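To start, the structure under review is shown below, and the notes come after it.
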Amino acid sequence: MTTLYANETQGTHPPSWYVASAPAFPDQPQLDGTETVDVCIIGAGFTGLSTALHMAERGLSVAVLEAHRVGWGASGRNGGQIGVGQRQDPEAVAKMADPGLARASWEIGRDAADLVRDLVDRHGIDCGLKAGLLYVNHRARYDAGSRAHAAFLRDEYGADIEYLPPEEVRARLGAAGMSGGLSMPSGGHLHPLAFARGLARAAMAAGARIFERTEASWLDGTRVIAATGEVRAERVVVACNGYLGGLLPEVAAKVMPINNFIIATEPLDEGLARSLIRDDAAVADSRFVVNYFRLSEDRRMLFGGGESYGWTFPKDIAALVRPRMLALFPQLAEARIDHAWGGTLAITPTRLPVWGEIRPGVFNASGYSGSGVALATMAGAVLAEAASGDRRRLDIMSALPVPRFPGGASLRRPILTAAMLLARLRDAL
């Protein structure tokens, strides 16, 4: 069993509000025979599609292989939140590495949010892009750290960030039990499947070809083998994240697939919706197992939370996530749940991504740890720079400290499961 087929059948998007509301995208052909290109990309999520777009714009011939459909994986299922910086705060990265690397990698993450907006504007992608991101504390003891973090980023990095005292958080959110928090106006949120399909259209317009229902089964140097054919390339970009399987064992030892879940309510009354999230920002809280939520374009509450660490999703996702939503928003007790879905992402031990040239001519970008909307999009631009001879930003990201999970790929799941269960207990207490 693999994450590619544990919960869905090949070539079909699982039901979700995103699938129900995204602009249609035409089926693409299955690979048939042998293709020869400059770059073969495995995976048609944000990483793969952004790479395809940026490589094709630089005049390279590109083939993208996708086991299912464009945006089928986490890129078409996630919370749609556009983060700023890296998943780890730069203060933590500086302790793990050095201040120069912390700053340089944070700036790449900052620019990633700008890149998403630029691509949406430049290619006319209809994905409901909105500005504003809040990180809120579920414990008052975290407030002092948030205040210090905001001061550090503002004073040392010139970041657009503001500490919000508890009374301001309560004015902006109708969520129970929250204390202070952070406001990042340069963050935001969007419809992730619509964004993925928009990137695909832009990449195809630039000359990239996409082959759907084509699983890359193994790599022979820079030869990519699938059941229905093969692609011979100068370079290969593996852009599989939580769906990596056994393609790159050296990366699999550093990334761990986990499952996360989202529900969507029925459309809410406008007054109720605005009382829940006043400024229509995206929101995430300080729990180790994060709750994240935002309002959709048609005023549904999209609420994500809860994790599982096995292959399969729970049978009743709504029953898992709805209590978490009601603990924060008891006002939604009577709201109907119209959609519930799950997806698989990838985390790393340090919550920093794994980018770089893994083998000669074989590149990887994965392990976004829940911050993939912006960072995965940026990965495509950075990999295209490297293909043109400018490896500065790729070298920065490759230098981030990401060790193997204890026990490597074989023991990562039981060890991580135990650690995450302890973290959930900490959240509860």
Side-chain angles (χ1 to χ4, degrees), residues 2-5 8-13 25-73 75-76 196-197 199-252 355-366 376 379-380 383-389 394:
T2 70
T3 50
L4 276 172
Y5 304 108
E8 292 97 18
T9 56
Q10 187 178 33
T12 302
H13 282 284
F25 185 79
D27 288 4
Q28 298 303 304
Q30 190 175 50
L31 180 67
D32 182 14
T34 300
E35 298 285 341
T36 301
V37 294
D38 296 320
V39 185
C40 180
I41 298 165
I42 304 173
F46 294 150
T47 301
L49 295 169
S50 177
T51 303
L53 171 59
H54 286 95
M55 294 276 197
E57 287 181 332
R58 290 172 180 264
L60 299 173
S61 58
V62 177
V64 181
L65 306 187
E66 167 56 48
H68 292 279
R69 299 290 313 283
V70 163
W72 176 90
S75 295
R197 289 177 172 176
L199 288 177
R201 289 189 184 90
M204 292 167 65
R209 289 177 295 160
I210 298 174
F211 298 95
E212 295 182 318
R213 302 177 304 282
T214 304
E215 179 189 357
S217 54
W218 59 286
L219 294 173
D220 178 11
T222 56
R223 233 175 105 233
V224 183
I225 314 300
T228 58
E230 66 178 64
V231 180
R232 298 174 181 177
E234 294 292 324
R235 301 178 186 84
V236 173
V237 174
V238 180
C240 301
N241 206 39
Y243 299 91
L244 178 64
L247 275 178
L248 289 177
E250 54 268 70
V251 174
W355 296 11
E357 188 170 8
I358 307 303
R359 303 171 187 169
V362 178
F363 296 80
N364 169 82
S366 62
L383 289 168
E385 291 172 359
S388 298
L394 182 62

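Bear in mind that the values here come from a model prediction, so they are computed numbers and not experimental data.
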[X] side, atom [atom1]; [Y] side, atom [atom2] - distance, nearest 0.5 Å:
X: I358; Y: N364; atom1: CD1; atom2: CG; answer: 5.0 Å
X: D38; Y: R235; atom1: CG; atom2: CZ; answer: 7.0 Å
X: R201; Y: L53; atom1: CZ; atom2: CG; answer: 13.5 Å
X: F211; Y: E66; atom1: CZ; atom2: CD; answer: 13.0 Å
X: T222; Y: F363; atom1: OG1; atom2: CZ; answer: 11.0 Å
X: L49; Y: S75; atom1: CG; atom2: OG; answer: 7.5 Å

Can a donor-acceptor pair be found, under 3.5 Å and without considering hydrogens, that links the side chain of [X] to the backbone of [Y]?
X: T47; Y: A239; value: no
X: E385; Y: G389; value: no
X: H68; Y: L4; value: yes

**Evaluation steps, side chain to side chain donor-acceptor pair (under 3.5 Å), between T228 and D32** = CA-CA 5 Å; T228 58; D32 182 14; over 6 Å; no
Min side-chain heavy-atom separation [X]-[Y] under 4.5 Å:
X: S366; Y: V251; result: yes
X: T51; Y: V62; result: no
X: H54; Y: L383; result: no

For the residue pair [X] and [Y], what are the closest heavy atoms and their distance?
X: V70; Y: A200; result: CG1-CB, 3.8 Å
X: V39; Y: M55; result: CG2-SD, 4.0 Å
X: A252; Y: G245; result: CB-O, 4.1 Å
X: L31; Y: A226; result: CD2-CB, 4.3 Å
X: I41; Y: G48; result: CG2-CA, 3.5 Å
X: L60; Y: A387; result: CD1-CB, 4.1 Å

**Request:** Dump the intermediate steps for side chain to side chain contact (heavy atoms under 4.5 Å, CB included) on I42 and V237, then the final yes or no.
**Result:** CA-CA 6 Å; I42 304 173; V237 174; over 6 Å; no
**Within 6.0 Å of CD in Q10, more than 12 heavy atoms from elsewhere** = yes
**Prompt:** Between R359 and L248, is a side chain to side chain contact (heavy atoms under 4.5 Å, CB included) present by the stated rule, with each step listed?
**Reply:** CA-CA 9 Å; R359 303 171 187 169; L248 289 177; 3.6 Å; yes
**Complete:** So the salt bridge (charged side-chain N to carboxylate O under 4.0 Å, His left out) pairs with at least one residue in residues 206-222 (sequence neighbours excluded) are E35-R209, R69-E212, D220-R223
**Prompt:** Do any pairs count as a salt bridge (charged side-chain N to carboxylate O under 4.0 Å, His left out) and have a residue in residues 45-62, sequence neighbours left out, and if so which ones?
**Reply:** E57-R122
**Message:** I'd like to check the ring-ring contact (aromatic ring centres under 6.0 Å, His included) partners of Y243; sequence neighbours left out, ordered by chain and number.
**Reply:** W72
